[in-house]
Amino acid sequence: PYTFQLAGVDPDPGDVITFGPGGEQHCGLDGRATISPEGLFTLRGRTFAEGQCIFRVTLADGHGGETSAPIVIYFTG
């Protein structure tokens, strides 16, 4: 598996960011990507030699602030 720690910054002091999936993945994977509320992103089941995968991640501060952002991962050889 591939594991990455995601990070986010909230402009309001003391707000804690939580993470979640924000949509479908756009690549051919045998397994799934998971994102913990703490931002641990895990990708399993790569079935191709090279290319890119695009994932959308949601970030929320628990006080109504929410946004999403893409994660693009490039695989080579």
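These numbers come from the heavy atoms of this one structure, side chains and all, not from hydrogens, waters or symmetry mates.
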Between Leu40 and Val57, is there shared hydrophobic-cluster membership here, with clusters defined by ILVMFWY side-chain heavy atoms closer than 4.5 Å?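 No, Leu40 and Val57 fall in different hydrophobic clusters.
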
Going from CD1 on Ile35 to CD1 on Ile71, what distance comes out if it is rounded to the nearest 0.5 angstrom?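 Taking CD1 in Ile35 and CD1 in Ile71, the distance rounds to 5.5 Å.
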
Enter the distance from Ile73:CD1 to Tyr2:OH here, rounded to the nearest 0.5 Å.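 OH of Tyr2 is found 9.5 Å from CD1 of Ile73.
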
How are the rings of Phe55 and Phe41 set to each other: parallel, tilted or perpendicular (split at 30° and 60°)?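 Rings of Phe55 and Phe41: perpendicular, over 60°.
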
Got a list of side-chain donor-acceptor pairs under 3.5 Å for residues 7-21, not counting sequence neighbours?
unit_1 : atom_1 : unit_2 : atom_2 : d
Asp10  : OD1    : Asp12  : N      : 2.7
Thr18  : OG1    : Ala60  : O      : 3.4

4.5 Å side-chain heavy-atom contact, Leu6 and Leu59: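 No, their side chains stay 4.5 Å or more apart.
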
For Thr67, which residues count as a side chain to side chain donor-acceptor pair (under 3.5 Å) partner, sequence neighbours excluded?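 Result, side chain to side chain donor-acceptor pair (under 3.5 Å) vs Thr67: none returned.
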
Contacts of Glu66 that satisfy side chain to side chain donor-acceptor pair (under 3.5 Å) - sequence neighbours left out: none

Give the minimum heavy-atom separation between Glu38 and Gln5, together with the two atoms involved.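 Where Glu38 meets Gln5 most closely, the heavy atoms are O-NE2, 2.9 Å.
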
